[in-house]
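Worksheet for the structure shown next.
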Amino acid sequence: MNADTRTTDGIDRRTYLGALGAAGAAGLAGCSGGGESASDEDLGERVPTMPGAIIAGTAGSSDLERAMQHVQTQSEEVLGVPMELVNREITTYWTEAYNDQRTFNFTVSISPSFPSVLDPDNLLYSYHIKNAGANGRPNGINYADCDFSRKVDAQRTATNREQRRSHVTDALSAASADVTPITLCTSITGGAYRTDQLDPGDAGSAGASLRNPEFLWNTTATGEADGIVSNITPANIASATYMSSQPATPWVGTVYMPLLYRDRNYELAAGAAKDWTVENSYQTFTFDIREGMTFHDGSPLTAEDAKWTLEFLDDNTDSFSAINEYPYESITAVDDTTLTVEMSRPAPSWLTAFVPIWSGVLPKDVWRAAGAEENPTDPDFEGLVGSGPYRVVQYQPRQILVLEPDEDHYIDAGADLTIRGYQGRQSAFRAFQTGGLNLLINITNDTWSQIEDGMAESATVVAGDAFTSFELRAQHSFAPSMFREFRLAVSQALDRALINGMFTRGEGSPELYASFVGKNHPWRPESDDALTKIADSPRPNEEAAKQVLRDAGWGWDGDGRLHYPPEKDLTPRWPEGSTPCEEPDGFPCVPDICE
């Protein structure tokens, strides 16, 4: 059985879904905790207790826990599969998922509305077959599908936007038909500021967030406030080598100025480069560096520094796993203010997926002297020298980053900026209540209500448009979550209206179609007809969930426990500790796609 047929277990993907509505409408009977019981000889192996992960140590952990408790309840009471919930600190969760350690089957999570994921490549390529398995790469669900991966590769080399959109839609459609991901509800972005301490700039669509540099630049301190003081998850300031995690928060647009950046409405805008051109079907990119720009130590910022930055990042994609690889042919500093990048093939995603996120220009001489070329993840700096509108005054990893406006920068930032690491959400909120923080990012529903009910005279919430959704993420490498019909049954059993209330206070909307991109994402297919509907309604359809499994030969014993179909192949899709790219017999695309 190859990878393409195993994903659907031999059933045409859309035919399978088409029969589901009728099955649900028929209201076929079933007992609580499973369907009709069957004799032992008609059943296969019993589905064991599944582990489900609760992500801790991040914004909204309590909401994630409540959502996973709902998944646990529905799994046990509707499908007859007990679920044991285990807590995973976010960095532990990433380590286990990225290395396919098979310690949990499901978890509720979200792709945050980072500006990086406005380009679909930064979402889709993570789920490429090359990134699945025990390799430390960011395929958090270990999804491995040849058809999807080919389509992802196709959009990366499209020669025009229309062609690329077609390939992106095809890739989204392929994953959606695989019930990947189990989308739950749309997301919103929420930040709050103290009205007695800050006079905010226009937050635009991006909201009050550290990911919105224009909001920060244009906000000024009022009253007795000395500047902006914000919270952050400590992992985002764990290392001065900002490339070790998503760099847009809080480094790019603040300490380091990228060639181009995303403005408050998520549009591409001129940064360290005042202008740029794209030629030769997305193979030639030319940037005009602003004349007179300097680093914080007073040395000039030149095209040579930008060239070194790009080459340093490209040379270290193994160390900085979140960076996608690109087909560089050459990177040339034509003169002090002209940078030309040549690709060996069309690379339309590079300008929008890479440049505004990773191209914060680094001072070549400072980083080389710190040993970055020999030790890219831990250079030995005497001081942090940036290129952005803020210079570093104080820095303690995972604790605090204190910045002040750089008076020589072309951007006139309005206030000092202090970013403090807070592991717990409540401790950050208490600091916001007492005035120790005046910008609270990534607020949860409970915090939102507390601010509106108890701080209306001193604080306000600013909501922004999100373009990703909350998802139930299933591990695709091992049973039972590797089976499409099981993922679909779980999807039908969930109460999306309840979950939407948990995460967005009802401000979002339940999502009935599987999609890596949310309803507000600019690359969402124009019609949901390109996607697969994975829930009949926002409310759970328990009979439809059971019927999906019955139709695929699953059954329940007298205790209401779910069993696999007789003779069901429960062999993991690839051996634990390996990758799909090491299994050409199971994945026929491997010789062509995994070189």
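Just so you know, these numbers come straight off a predicted model, no measurement behind them.
No more than 12 heavy atoms of other residues, nucleotides or ligands shown are found within 6.0 angstrom of CZ on Arg420. Counting non-hydrogen atoms of other residues, nucleotides and ligands closer than 6.0 Å to CG of Asn160 gives a total above 12. Other residues, nucleotides and ligands contribute more than 12 heavy atoms inside 6.0 Å of the CG atom of Asp202.
Thr254 places a side-chain N or O within 3.5 Å of a backbone atom of Trp251 that can act as its donor or acceptor partner. With hydrogens and angles ignored, the 3.5 Å screen pairs no side-chain donor or acceptor of Asp275 with any backbone N or O of Asp288. Here the side chain of Ser527 pairs a donor or acceptor atom with the backbone of Asp529 at under 3.5 angstrom. Proximity of a side-chain donor or acceptor of His409 to a complementary backbone N or O of Ser387 within less than 3.5 Å is detected. A side-chain donor-acceptor contact under 3.5 Å links Arg290 to the backbone of Gly271. Here the side chain of Thr337 pairs no donor or acceptor atom with the backbone of Glu291 at under 3.5 angstrom. Side-chain atoms of His296 come within 3.5 Å of backbone N or O of Gly386 as a donor-acceptor pair.
To the nearest 0.5 angstrom, Trp358 atom CH2 is 8.5 Å from Asn122 atom CG. The distance from the CZ atom of Arg524 to the CG atom of Leu531 is 5.5 Å, given to the nearest 0.5 Å. Rounded to the nearest 0.5 angstrom, Asn265 CG and Asn212 CG are separated by 8.5 Å. Here CZ of Arg161 is found 4.5 Å from CH2 of Trp523. Values are rounded to the nearest 0.5 Å. One distance of note links CG of Leu216 with CG of Leu210; it measures 5.5 Å at 0.5 Å rounding. With values rounded to the nearest 0.5 angstrom, Thr220 atom OG1 is found 12.5 Å from Gln197 atom CD.
Among all heavy-atom pairs drawn from Ser109 and Ile55, the shortest one is OG-CD1, 3.7 Å. Taking every heavy atom of both residues into account, Ala459 and Ile451 meet most closely at CB-CG2, 4.0 Å. Of all heavy-atom pairs spanning His70 and Leu498, the tightest one is ND1-CD2, 3.7 Å. Nearest heavy atoms, Thr183 versus Ala514: OG1-CA, 3.3 Å. Residues Pro250 and Leu401 approach most closely at CG-CD2, 4.0 Å, considering heavy atoms. When all heavy atoms are compared, the tightest approach of Val278 to Tyr282 is CG1-CD2, 3.8 Å.
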TODO: List the steps, then state whether side-chain contact (heavy atoms from CB on, under 4.5 Å) holds for Asn131 with Tyr125.
DONE: CA-CA 8 Å; Asn131 294 327; Tyr125 190 69; 3.8 Å; yes
TODO: Could you walk me through whether Arg164 and Thr159 pass the side-chain contact (heavy atoms from CB on, under 4.5 Å) test, one step at a time?
DONE: CA-CA 7 Å; Arg164 188 181 181 215; Thr159 58; over 6 Å; no
- [ ] Apply salt bridge (charged side-chain N to carboxylate O under 4.0 Å, His left out) to Arg505 and Asp63, showing your working.
- [x] CA-CA 11 Å; Arg505 305 187 340 144; Asp63 295 331; over 6 Å; no
Open item on the list: Let's go through Gln423 and Arg398 carefully: what are the C-alpha distance in whole Å and the side-chain angles of both, what is the deciding distance for side-chain contact (heavy atoms from CB on, under 4.5 Å) to 0.1 Å, and is it a yes or a no?
Closed with: CA-CA 9 Å; Gln423 192 68 51; Arg398 304 184 70 91; 4.2 Å; yes
Open item on the list: Set out, in order, the CA-CA distance, both residues' side-chain angles and the distance that settles side chain to side chain donor-acceptor pair (under 3.5 Å) for Thr504 and Asn500, then state yes or no.
Closed with: CA-CA 6 Å; Thr504 74; Asn500 184 44; 2.7 Å; yes
- [ ] Output, in order, the C-alpha distance, side-chain angles, deciding distance and verdict of side chain to side chain donor-acceptor pair (under 3.5 Å) for Thr302 and Asp305.
- [x] CA-CA 5 Å; Thr302 68; Asp305 294 291; 3.1 Å; yes
TODO: Tell me, with the steps shown, if Glu304 and Trp308 meet side chain to side chain donor-acceptor pair (under 3.5 Å).
DONE: CA-CA 6 Å; Glu304 182 62 32; Trp308 185 87; over 6 Å; no
Open item on the list: Show, in sequence, the C-alpha distance, side-chain angles and deciding distance for Ile419 and Val402, and conclude whether the side-chain contact (heavy atoms from CB on, under 4.5 Å) test is met.
Closed with: CA-CA 6 Å; Ile419 302 168; Val402 180; over 6 Å; no
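Scanning for ring-ring contact (aromatic ring centres under 6.0 Å, His included) contacts around Tyr93 gives Phe104, with sequence neighbours left out.
Between Glu511 and Lys519, some side-chain heavy-atom pair lies under the 4.5 Å cut-off. Considering only heavy atoms from C-beta on, Asp406 stays 4.5 Å or farther from Tyr390 through its side chain. With a 4.5 Å cut-off on side-chain heavy atoms, Asp408 and Phe295 do not count as touching. Using a 4.5 Å heavy-atom cutoff, the side chains of Thr284 and Thr340 are in contact. Side-chain atoms of Asp199 and Thr219, non-hydrogen and from C-beta on, never get closer than 4.5 Å to each other. In this structure, Tyr127 and Ile141 have side chains that are in contact, with non-hydrogen atoms separated by less than 4.5 Å. Contact annotation: the side chain of Leu472 approaches that of Leu494 to within less than 4.5 Å [non-hydrogen atoms, C-beta and beyond]. Looking at Ile289 and Leu259, their side chains come closer than 4.5 Å, going by heavy atoms from C-beta outward.
Checked for salt-bridge contact, Glu457 and Arg194 miss the test: no charged N lies under 4.0 Å from a carboxylate O. With salt bridges taken as basic N to acidic carboxylate O contacts below 4.0 Å, none links Arg391 and Asp297.
Under 3.5 Å, the side chains of Gln283 and Ser281 contain no donor-acceptor pair of N or O atoms. Under the 3.5 Å distance criterion, with hydrogens and angles disregarded, no donor-acceptor pair is assigned to the side chains of Ser173 and Asp170. A donor and an acceptor atom, one from each side chain of Tyr261 and Glu214, are located under 3.5 Å apart. For Glu452 and Gln450, the side-chain atoms include no donor-acceptor pair closer than 3.5 Å.
Ring geometry for Phe287 against Trp350 counts as perpendicular: the plane angle is over 60°, on a 0 to 90° scale with 30° as the lower cut.
Annotation: cation-pi geometry satisfied between Arg156 and Tyr326 (NZ/CZ under 6.0 angstrom from ring centroid, within 45° of ring axis).
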